[in-house]
Amino acid sequence: MSDLVLHLDNIQKSFGGLSALSDVNLHVEEGTTHAIIGPNGAGKSTLLNVCIGRLKPDSGHVTFKGQELTGREPHEIAQMGVARVFQTPEIFPEMTLLENVMLPAFSKRDGAFKLNAYSGLAQQGDIRDEAEHILEDVGLADQMLQEAGSLSRGDKRRLELGMCLILRPRLLLLDEPTAGMSRHDTNRTIDLLKKIKSRGMTKVIIEHDMHVVFSLADKVSVLARGEIIAGGKPEDVRENPKVKEAYLGGAH
Amino acid sequence: MKLGPLTDTTRFVLFAVIILAMPLWLEPLGGNYPDLLQRFAIYGIFAIGFNILFGLTGYLSFGHAAFLGVGSYAAVWSFKLLTMNALPAIVFGVFFAGILAAAIGFLSLRRTGIYFSILTLAFAQMSYNLAYSVLTPITNGETGLQLSQQDPRIIDSVFIEAGSGLPSTNLFGLKMSGYPGFYFCAVLLIICFYISMRIFRSPFGLMLRGIKSNQNRMRYTGLNTRPYMLTAFVISGMYAGLAGSLLAITDPLAGAERMQWTASGEVVLMTILGGVGTLAGPMLGAGLIKYFENIFSAFNNNVLMEIFSFLPNAVAEIIVPIVGLFVGSGWHLTLGILFMVIVIYLPGGIVEGLSRLAKFAAGERKSSKIAGGNTSPQDQPGE
Ligand SMILES: Nc1ncnc2c1ncn2[C@@H]1O[C@H](COP(=O)(O)OP(=O)(O)OP(=O)(O)O)[C@@H](O)[C@H]1O
Ligand SMILES: [Mg+2]
């Protein structure tokens, strides 16, 4: 009934002899939160890399709202409305938090090349307001003029989330967004992500923390050794013996 | 004295006043002669332009001398073919440097880091060698391109009687040598500084800094980095072309050695010495290096004896030969040491040193009250 936002069709990716993804199929529906779980090295980050154009799949297709993503440049994919929070925070460490959040807004507005060198930063009041607003949402407003590099790992993650939110993406990919966060901050992030969900943003979230998965996900797919071994509602997946085995067996 | 972040208007006015007053405050420092003043202004433009690329994007070009050279050749050709007026010379110098920068930039920007630097170096050395060999009809090879009595000067020949001797460069009749030449360069320098400031303060400048800080992040937020990088490269090439044409305007001849890698290296030194990515740093670095090259190098033991004449003779006789190692032909040694000290202890260059001093002085007085609220993000780059 609902539209497909992201569709992975038979994705295959190997690094040398190692098959990181084999025959991966994934359907993510409009407005849902889709969690991907799996042991370390299962290929979860690789899957997101394929979606945002960082890696080209060996075969298979990625489509976003019916448009082909495979073979497109990362900036084109971002312009189409796909944003990602990386596993290791990708921020601008030498800049202030405010600049960190304002920059993506400029990228979005002028990404396809527009030379507005003559309009000063001071005239960008609307973007600044929006950035301040988003910093409030992610709980970093009081550190607005601090350098981003000095933040803790958890705060960097929240900052990066803010940098993605200002893009107002249609699809948000989150790679372990709560790793390195305190319980308190994790809960705040969950609340924030729930709030975003109520605005109708589609999300794919990779997470090890089952508390986060069960709080947020509508659907869960389990990835192990490059293959999707189970999928469905969170409650069902939890009871699946194959999943239990992958988690226990995958640790070795 | 009021310390703390300056507004951009104060910064600009301060810069303009300091530049225009150079003949005054350089007098006691022994630097007040037009040739040198012109050089300060011209290399200031060169370095400020270089900093738009290197300071904002972090891409280190080792080939900017090529644009300097092309600017000079274009200007001299404008003198030979059209008119001795400085304006067309500038227009052509900037234009051709821009074209060359677009070509070299287009190819070099396919790579980053050291490979980018090597590519720009290779292209510049190629231009240098071509100027000596294949392009001799245009560049006049080793002799260099000079004016001659037989030049057509189409525009001038309509309006002005050809005199005996070689005509001199001018701005609608005002001779472009001596102090008028300096003030012409100084005004252009101030305009260039203003443009660079606007670029630093614009979303465009912020995006370039974003590319320097984390190019991947910029891409994954939707920025097509290539046209932006190319624009920055071309703008900085055009600054170099302007500097090159001004070199020809103040002294109408152009030689291939202007394109040599040492000239490319010099502008790198200037920028790093003054402060990469700061507004005033490149100008400071350019001034310092040119001052060393022209004034310090002229010091000899007699001059030193005079300076140290307040000391007892026996002491002076020991000190002078030691100090003498660092001046005169030893000025490179001093510059080298200074450069090392700065790179190791002050990676932000002289500007960082000055701002640390300012902070220190301010901190003495109000260390308890840290006013975080009044530094807007616009104040980040710059001194
Ligand atoms: N660029 C690459 N080159 C070579 N091998 C890679 C590359 N990226 C990932 N791999 C390998 O592919 C496999 C899957 O890696 P991936 O990062 O996708 O795992 P993951 O599920 O995200 O793990 P984690 O939970 O540790 O983040 C790993 O064995 C990894 O070593
Ligand atoms: Mg991963």
Side-chain angles (χ1 to χ4, degrees), chain A residues 52-54 73-86 89-100 102-124 127-128 131 142-149 160 163-164 166-167 169 173, chain B residues 5 7-9 12 52 55-58 194-232 234-236 238 276-277 347-348 370-382:
Chain A
I52 59 161
R54 190 176 231 183
E73 294 288 322
H75 67 88
E76 292 175 312
I77 294 175
Q79 284 288 345
M80 289 164 76
V82 183
R84 171 174 181 190
V85 175
F86 287 83
E90 294 263 4
I91 55 169
F92 306 109
E94 307 85 1
M95 298 192 194
T96 63
L97 303 200
L98 187 61
E99 286 172 311
N100 266 272
M102 283 171 77
L103 253 177
F106 292 134
S107 297
K108 185 186 178 187
R109 190 186 67 186
D110 307 332
F113 195 65
K114 205 189 299 163
L115 199 59
N116 47 14
Y118 223 75
S119 66
L121 277 179
Q123 280 101 280
Q124 316 292 327
I127 285 186
R128 193 190 157 122
D142 45 341
Q143 285 145 288
M144 201 151 75
L145 298 173
Q146 204 172 303
E147 251 184 32
E160 199 187 4
M163 293 162 76
C164 290
I166 202 168
L167 294 170
L173 310 172
Chain B
T7 71
D8 279 350
T9 321
F12 174 69
I52 290 176
L56 286 177
T57 71
Y194 181 76
I195 296 174
S196 135
M197 194 164 87
R198 288 308 297 248
I199 293 177
F200 269 63
R201 300 296 189 245
S202 68
F204 171 57
L206 191 64
M207 285 190 279
L208 292 179
R209 282 168 53 216
I211 292 174
K212 175 182 183 177
S213 175
N214 189 342
Q215 176 144 207
N216 266 333
R217 194 10 115 202
M218 288 311 280
R219 284 210 188 101
Y220 295 120
T221 47
L223 190 84
N224 187 3
T225 53
R226 291 187 102 230
Y228 282 99
M229 288 300 309
L230 188 60
T231 310
V234 170
I235 291 174
S236 89
M238 286 163 82
V276 181
I370 296 157
N374 57 17
T375 45
S376 62
Q378 289 90 296
D379 280 332
Q380 285 302 307

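All chains are named by letter (A, B, ...) in the order of the sequence lines, taking the proteins before the strands, and each is independently numbered beginning at 1.
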Check your understanding: Where the side chain of B:Asn214 meets the backbone of A:Ile91, is there a donor-acceptor pair that is under 3.5 Å apart?
Key ->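 A pair under 3.5 Å: yes.
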[atom2] on [Y] to [atom1] on [X], rounded to 0.5 Å:
X: B:Thr221; Y: A:Lys108; atom1: OG1; atom2: NZ; answer: 11.5 Å
X: B:Ser213; Y: A:Leu103; atom1: OG; atom2: CG; answer: 8.5 Å
X: A:Arg109; Y: B:Leu223; atom1: CZ; atom2: CG; answer: 12.0 Å

Check your understanding: Below 4.5 Å, heavy atoms only, C-beta onward: do A:Phe92 and B:Met218 meet side chain to side chain?
Key ->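 Sidechains of B:Met218 and A:Phe92: in contact.
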**Study point:** A:His75 vs B:Tyr220 side-chain heavy atoms within contact, under 4.5 Å
**Key:**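 Of all side-chain heavy-atom pairs linking B:Tyr220 with A:His75, none is under 4.5 Å.
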Check your understanding: Tell me, side chain or backbone of A:Ile77 under 4.5 Å from chain B's heavy atoms, or both, or neither?
Key ->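 For A:Ile77, neither part sits under 4.5 Å from chain B.
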Exercise for review: Examine whether an atom of A:Leu167 lies under 4.5 Å from a heavy atom of chain B, and if so say whether it belongs to the side chain, the backbone or both; otherwise answer neither.
Suggested key: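 For A:Leu167, the contact with chain B is made by the side chain alone.
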Review point. So which of A:Glu73, A:Arg84, A:Met95 has the largest heavy-atom pair count under 4.5 angstrom toward chain B?
Key: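 Result: the option with the highest number of such pairs is A:Met95.
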Check your understanding: Who pairs with B:Arg217 by side-chain hydrogen bond (donor to acceptor under 3.5 Å, both in side chains), at least two apart in sequence or on another chain?
Key ->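 Partners of B:Arg217 by the side-chain hydrogen bond (donor to acceptor under 3.5 Å, both in side chains) criterion, ordered by chain and then number, come out as A:Glu160.
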Check your understanding: Is any NZ, NE, NH1 or NH2 atom of the basic residue among A:Glu99 and B:Arg209 found under 4.0 Å from an Asp or Glu carboxylate oxygen of the other?
Key ->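 Yes.
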**Study point:** Sub-6.0 Å ring centroid separation between A:Phe106 and B:Phe204
**Key:**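 No, ring centres 6.0 Å or more apart.
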Review point. Who passes salt bridge (Lys or Arg N to Asp or Glu O under 4.0 Å) against A:Glu76, sequence neighbours left out?
Key: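 Partners of A:Glu76 under the salt bridge (Lys or Arg N to Asp or Glu O under 4.0 Å) test: none.
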